[in-house]
Amino acid sequence: MKNEYLQDLMLRLAARNPAQPEFLQAVHEVLESLEPVMEARPEFIREGVMDCLVEPERSIRFRVPWVDDTGRVQVNRGFRVQFNSAIGPYKGGLRFHPSVNESIIKFLGFEQIFKNSLTGLPIGGGKGGSDFDPKGKSDAEVMRFCQSFMSELFKHIGPDTDVPAGDIGVGGREIGYLFGQYKRLCNEFCGVLTGKGLSYGGSLARKEATGYGLCYFTDNMLRANDRSFDGAKVVISGSGNVAIYACEKAAQLGAKVVAMSDSTGYVYDPAGIDLDLVKRLKEVERRRIRDYAAQRPGAQYHEGCRDIWSIPCDIALPCATQNEISEESAKLLASNGCFAVAEGANMPSTPEAIAVYRAAGMLFAPAKAANAGGVATSALEMSQNSMRYSWSFEEVDNRLRHIMTDLYHNAAGAAEAYGMPGDLAAGANIAGFLKVGDAMLAYGVV
Ligand code: NDP
Ligand code: 2IT
């Protein structure tokens, strides 16, 4: 980073948030690519927009006590970071995973500001979650936890204030328990959460949206570079919501997905992943990806999820978690001939990995742009809730496809306009920032 003001801002941010490496990583990546904007529009620094941008508007941390099936009291931590509401109510998922801490929620909330802006829809940025681990818990335990979590969270959210949704460890089951408790506490049926079940205000195609949107975005990027999914060999990390529907759409677009993973290991299936089997194991039976190989002749299981990037492929779709592709993994991908990486997960590539993609001339679709289809469809769910109406699957899917195409052109156009043609990461940061920054300027110091 060359801009002296941004350099100093980064130093002050690091001094104030010493134990938040993921948050600092996310901010650094954005500020670096905004340097040319600071040259062209010095008012963003002069008027204090950059200083405000890196400090959440509000950050809530709370105790979540609940009783497990043996009668013991368990205590988890709950978080909601309401990062930026310049262009709409805070919007962003809830993550339930033992690794959750303030740094992770703040990095996710910060990224969400620009992602949500890029969708073109009126949504601000926020994120929340807990260090609760839903794995191995009974439905009754998950319900009690969700009810306790919402018993505090409901005070801070609302359909025009803050609208949470799912993320890692939070799917349809959890959203159901959370929404039920909100409705009970507020005596109000409203669009306060997205990713709801179809019988109580959910949107068709929300479940599919992040994975499908990732492939729509990637398809645009590939076509603009005379490539396509058709006939391509694809590796997808993760086997959760994003990974499953990325696999489905990639296959529909003619690709062969040969590997998927979870946090313990990966399966390699040279004949192509049997997605019905993955869906049954993961969505219905809540089993491990290891069990896939036991039921699928020809598939191999390997312990250790990170080695999935050693499998030769044309296109890599990381759809598990942050920093899952290291420099070493990126080098393996490049040397095995991979020509495109598109991020379904949030910040799955380390900065060193991104440098490898650039040096190798690989196409790179950054998370903020490539996985924005999930939150965009959440915003479509909010619209349907406000209208008290529901669109068909085709209607929502068509809107999603158009949003991802517009988003691609918007990011590519901003990269070009600021002298970095082809750099979608910079373009996404710039285009996402400008709308939020202009709104913040309009408000004055607030
Ligand atoms: P799920 O909980 O449905 O699935 C997560 C998947 O990633 C699982 O296969 C999980 O394996 C694996 N995983 C989680 N943590 C780790 C870890 N520390 N190391 C290795 N593997 C891990 O979550 P989603 O599919 O919803 O989310 C996946 C990613 O996509 C996240 O980065 C999320 O922030 C991002 N995202 C999600 C959106 C959504 O709409 N859901 C929208 C945009 C981005 P295991 O089962 O073993 O834990
Ligand atoms: O990271 C994300 O964009 C999400 N987890 C989805 C957020 C949402 O509000 O749908």
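Note: hydrogens, waters and symmetry copies are ignored here, and every other heavy atom, side chains too, is used. Note that ligands are numbered from 1 as they come in the structure, with each ligand's atoms numbered from 1 the same way.
Around ligand 1, the residues contributing at least one heavy atom under 4.0 Å from the ligand are R95, H97, K115, K135, D167, I168, G169, R206, T210, G238, S239, G240, N241, V242, S261, D262, S263, R288, C305, C319, A320, T321, G344, A345, N346, N371. For ligand 2, the protein residues within 4.0 angstrom (heavy atoms only) are K91, G92, G93, Q112, K115, K127, A165, G166, D167, R206, N346, G374, V375, S378.
For F132 and F149, the ring centers are positioned 6.0 Å apart or more.
Looking only at side-chain heavy atoms (C-beta outward), T119 and V375 come within less than 4.5 Å of each other.
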Just distance, no hydrogens or angles: give the donor-acceptor pairs under 3.5 Å from side chains in residues 174-189, sequence neighbours left out.
unit_1: E174; atom_1: OE1; unit_2: G171; atom_2: N; d: 2.9
unit_1: Q181; atom_1: NE2; unit_2: S151; atom_2: OG; d: 3.2

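When each of R287, R290, R288 is checked for a salt bridge (Lys or Arg N to Asp or Glu O under 4.0 Å) with D262, only R288 meets the rule. The only option from M382, Q384, E395 that meets the side-chain contact (heavy atoms from CB on, under 4.5 Å) definition with S203 turns out to be Q384.
Between the side chain of Y266 and the backbone N or O of A259 there is no donor-acceptor pair closer than 3.5 Å. One N or O on the side chain of E381 and one on the backbone of G195 form a donor-acceptor pair closer than 3.5 Å.
To the nearest 0.5 angstrom, N116 atom CG is 10.0 Å from N84 atom CG.
Residues passing the side-chain hydrogen bond (donor to acceptor under 3.5 Å, both in side chains) test with D139, sequence neighbours excluded: R173.
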